Amino acid sequence: MPFTEANTKRVASLFRQALRTAFDSSLKFDAYRRETIKIRQQFEAGRHVSDVNELETLIEKTRAKLQEWKHPDPYIPPCRPGGTKYERNLPSPKEAVIPGDW
């Protein structure tokens with residue numbers, strides 16, 4: 001049975017990575033939407049696979065393609081780790097700050 005829960009999670013993870021890679025390449029929504037439709041069609045084309053070896057081959061080809069298309073400067077939301085606003089305004093400490101307390 002090629003589509004066990006583990007394989008389903010692997011394919012779903014690859015699909016999400018493909019969508020993120022497409023978003024990194026184009027931040028304009030209409031171009032991104034066209035790419036997502038193409039990605040979905042490619043994943044749907046491989047849905048009929050029932051041979052385990054063929055499934056492994058498809059997964060490896062997909063990983064290689066994602067590595068090839070990986071953007072050198074991916075989009076990072078500003079408040080996420082690595083973003084431009086990450087930890088910019090840290091909350092003040094809860095304990096009392098005593099000036100000159102050495």
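Residue numbers run from 1 in the order of the sequence given. The structure displayed is predicted, hence computed values, not measured ones. For the numbers below, each heavy atom of this structure counts, side chains included, while hydrogens, waters and symmetry mates do not.
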* To do: Using side-chain hydrogen bond (donor to acceptor under 3.5 Å, both in side chains) as the criterion, list what pairs up with E68, not counting sequence neighbours.
  => none
* Does R40 have any side-chain hydrogen bond (donor to acceptor under 3.5 Å, both in side chains) partners at least two apart in sequence or in another chain, and if so, which? -> E44
* Side-chain donor or acceptor of R88 paired with backbone N/O of T84 under 3.5 Å -> yes
Which pairs would a plain distance check flag for residues 10-20, meaning a side-chain donor or acceptor within less than 3.5 Å of a matching protein atom at least two apart in sequence or in another chain?
residue	atom	partner	partner atom	Å
R10	NH1	N7	OD1	3.0
R10	NH1	E56	OE2	3.0
R10	NH2	E56	OE1	3.1
R10	NH2	E56	OE2	3.4

* Measuring from I37:CD1 to R34:CZ, what's the distance to the nearest 0.5 Å? -> 9.0 Å
* Could you give all pairs that pass the ring-ring contact (aromatic ring centres under 6.0 Å, His included) test and reach residues 54-89, with sequence neighbours left out? -> F23-Y75
* To do: Apply salt bridge (charged side-chain N to carboxylate O under 4.0 Å, His left out) to K9 and list each qualifying residue two or more places apart in sequence or on a separate chain.
  => E5
* In terms of hydrophobic clustering (I, L, V, M, F, W, Y; side-chain heavy atoms under 4.5 Å; direct or indirect links), are F29 and I39 co-clustered? -> yes
* **With N53 via side-chain contact (heavy atoms from CB on, under 4.5 Å) - residues at least two apart** => D51
* **Rounded distance (nearest 0.5 Å) linking atom OG1 of T21 with atom NZ of K65** => 11.5 Å
* Of the non-hydrogen atoms in P74 and D24, which two are nearest, and what is the gap between them? -> CB-OD2, 3.2 Å
